[in-house]
2 protein chains.
Amino acid sequence: MNATVATNAISTRQRILTAATELFHEKGYTAAGMAEILERAQANSGSFYYFFRNKEDVLAAVLDRYEKMLYPELLDPIWKATKDPIERIFRLLAKYRELLCLTNFSYGCPIGRIALEVDASMTKIHRQLAANFEGWKAAVKQCLREAQKERRLPASVDCQQLACLVLSVMEGGVMQARSYGNARPFDESVKGLQQCFATLMGTVPNRLGRRGRSRRRRTWKGITGQLQS
Amino acid sequence: MNATVATNAISTRQRILTAATELFHEKGYTAAGMAEILERAQANSGSFYYFFRNKEDVLAAVLDRYEKMLYPELLDPIWKATKDPIERIFRLLAKYRELLCLTNFSYGCPIGRIALEVDASMTKIHRQLAANFEGWKAAVKQCLREAQKERRLPASVDCQQLACLVLSVMEGGVMQARSYGNARPFDESVKGLQQCFATLMGTVPNRLGRRGRSRRRRTWKGITGQLQS
DNA sequence: GTCTATATACGGATAGAC
DNA sequence: GTCTATCCGTATATAGAC
């Protein structure tokens, strides 16, 4: 009906949302000031409080958006690049490495940063953070299950636990890289994971029931080229 | 010479340092206010700025203390509990789980929290954070090397990378547990790591050069009892 | 070394005209 | 829906007597 009005409304709200997303990522939730957000969004205080109840409310909107954009913005492009489930996982990790490098090792995972910063009393926020982690791990878990179906991983491994491990590797790697000011600890973390995966993939019992490394049908070391030293 | 004066001086400084340590851990660096620190330390603003240049300066002192206390306060008690290098690693992880539970899953690793919070421009702080990570990993690496010497881990594994992986597992596990409000993701992360270790330990070539699980001389599943479901 | 009082800037949020 | 002006609390840091 009143499409024009609605469009304009979305636009300002969107600018604020984008500015908040960026600044929460770059400076953290507390350090990102309202004035800064408004300036970057080219909006005024009045507009902000027309669309959002308060600062926490916009953080909730930011986290909501991250959850919705997991596939469209993060995973789909990577999934499109390769169908190999194991390679997908390591390409996903490489994506974070890329972001890390592009930002001088300052900004890694926006979810992780917020997760360690905001007070435990903000229960809604923490529920949303958990939902984001959950979606990410579900995608990795699906890759692992597929690898299992292809008999590249032993049927005995717990994919849920392994997916959780992968997320921890990413978050822990990003965290360390930030303090070191370089990608080395991120790379070492990922390579540590690769060692584990390589071993797990070498222990798939083949049809005859013997253990061996023979069923490593495809390699995924291609991605390793993106990891230094 | 003037021992009394020095003793008093250290005492107030110490109270401030302790209060700052606690509050940075509980609320983060930015959210922990000077007034709060001073109240908990039972000290006044004047005393604070007599001992420290500013807030950042006391954070530096806190991180310095963490680095010095790694063995005396964290590792020595754990190392004393067992000599098994692999078990030591998992007991170290269990220690963080314990802290997590005791604080309702709010406070995990104080170093990690600060690492993701403080601005990249605080280079001295980041150097100290890296030094803390470095010390922690060196200790884990030493355990891994020992396990390697005992031929429980293949000589081919890279202990540096594996130690880095262990730190990431801890930090990533703590981070997730905080948002979930329970220990499950921490446990899953650790169990994911255990799956990897179990496999690695099952692939040590024995003296005859054959691969097998036979050389798993000691079990370390004792610690698993502390991990739920 | 410790105390109180205070400077000064900035935080998030609101009021009310348009 | 957007604008400007502003409230009021809190932030870190300082001054200067004791």
Side-chain angles (χ1 to χ4, degrees), chain A residues 1-24 26-63 114 117-119 121-122 124-125, chain B residues 1-24 26-63 114 117-119 121-122 124-125:
Chain A
M1 310 147 191
N2 45 6
T4 311
V5 173
T7 303
N8 286 345
I10 288 167
S11 173
T12 297
R13 206 195 108 102
Q14 198 64 32
R15 284 201 320 275
I16 294 170
L17 195 62
T18 305
T21 303
E22 292 172 6
L23 284 162
F24 291 161
E26 295 168 20
K27 315 188 60 171
Y29 174 69
T30 312
M34 287 297 302
E36 221 169 350
I37 295 173
L38 296 176
E39 190 196 44
R40 189 174 295 200
Q42 296 271 65
N44 301 299
S45 174
S47 297
F48 184 97
Y49 288 98
Y50 175 78
F51 294 111
F52 304 99
R53 278 190 301 277
N54 48 36
K55 198 186 176 188
E56 185 176 338
D57 193 39
V58 78
L59 174 58
V62 166
L63 294 176
I114 302 299
E117 180 189 353
V118 302
D119 195 84
S121 62
M122 294 163 79
K124 181 190 174 182
I125 298 297
Chain B
M1 311 147 188
N2 46 4
T4 311
V5 174
T7 303
N8 287 344
I10 288 167
S11 173
T12 297
R13 206 195 108 102
Q14 198 65 32
R15 285 201 318 276
I16 293 170
L17 194 63
T18 305
T21 303
E22 292 173 4
L23 283 162
F24 291 161
E26 295 169 20
K27 316 189 59 172
Y29 174 69
T30 311
M34 287 297 302
E36 221 168 348
I37 296 172
L38 296 175
E39 192 197 43
R40 190 174 298 200
Q42 295 272 66
N44 302 300
S45 174
S47 297
F48 183 96
Y49 288 98
Y50 175 78
F51 293 110
F52 303 99
R53 279 190 300 277
N54 50 33
K55 198 185 176 187
E56 186 176 336
D57 193 40
V58 78
L59 174 59
V62 166
L63 294 176
I114 302 299
E117 181 189 352
V118 302
D119 195 83
S121 63
M122 294 163 78
K124 182 189 173 181
I125 299 298

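Residue numbering restarts at 1 for every chain, and letters A, B, ... go by the order of the sequence lines.
Of the residues in residues 29-44 of chain B, those lying under 4.0 Å from DNA chain D by heavy-atom distance are Ala32(B), Gly33(B), Met34(B).
In this structure, the CG atom of Leu59(B) is 13 Å from the P atom of dT12(D), given to the nearest Å. Spacing between atom CG of Asp57(A) and atom C1' of dG12(C) amounts to 14 Å, rounded to whole angstrom units. Atom-to-atom, CD1 of Ile16(B) to P of dT2(C) comes out at 8 Å; the value is rounded to the nearest Å. Distance Glu56(B) CD to dA11(D) C1': 16 Å, rounded to the nearest Å. A straight line from CG of Asn54(B) to P of dA13(D) spans 5 Å, rounded to a whole angstrom. Rounded to an integer number of Å, the gap from Phe52(B) CZ to dT2(C) P is 12 Å. Regarding Phe48(B), its CZ atom lies at a distance of 17 Å from the P atom of dT4(C), rounded to whole Å. Here dT2(D) presents its C1' atom at 11 Å from CZ of Arg15(A), a figure rounded to the nearest Å.
For a distance-only test at 3.5 Å, the side chain of Thr12(A) fails to qualify as a donor-acceptor partner of the base of dT2(D). Put simply, the side chain of Ser45(A) and the base of dT14(C) share a donor and an acceptor less than 3.5 Å apart.
Between atom CD1 of residue Ile125(A) and atom CG of residue Asp119(A) there is a gap of 11.5 Å, rounded to the nearest 0.5 Å. Here the CZ atom belonging to Arg15(B) is positioned 8.0 Å from the OG atom belonging to Ser47(B), to the nearest 0.5 angstrom. Once rounded to the nearest 0.5 Å, the distance linking OG1 of Thr18(A) with CZ of Arg13(A) reads 10.5 Å.
Residue Lys55(A) comes nearest to Thr30(A) through the heavy atom pair NZ-O, 3.4 Å, listed as atom of the first residue, atom of the second, then distance. Annotation for Val58(A) and Ala20(A): closest pair CG2-CB, 4.0 Å, computed over non-hydrogen atoms.
By the 4.5 Å heavy-atom criterion applied to side chains, Glu36(B) and Arg40(B) are not counted as neighbours.
Of all nucleotides listed (dG12(C), dT14(D), dT2(C)), dG12(C) comes nearest to the side chain of Lys55(A). Picking from dG1(D), dT2(C), dT14(C) the nucleotide with the shortest atom distance to the side chain of Tyr49(A) gives dT14(C).
Classification of Glu117(B) and Lys27(A) as a salt-bridged pair fails, no side-chain N sitting under 4.0 Å from a carboxylate O. A salt bridge does not link Glu56(B) to Lys124(B): none of the charged nitrogens lies less than 4.0 Å from a carboxylate oxygen.
Screening Phe52(A), Tyr50(A), Phe51(A) for a ring-ring contact (aromatic ring centres under 6.0 Å, His included) involving Phe48(A) leaves a single residue, Phe52(A).
Summary for the helix from dG1(C)-dC18(D) to dC18(C)-dG1(D): the axes at its two ends, each from 5 pairs, differ by 0° when rounded to the nearest 10 degrees.
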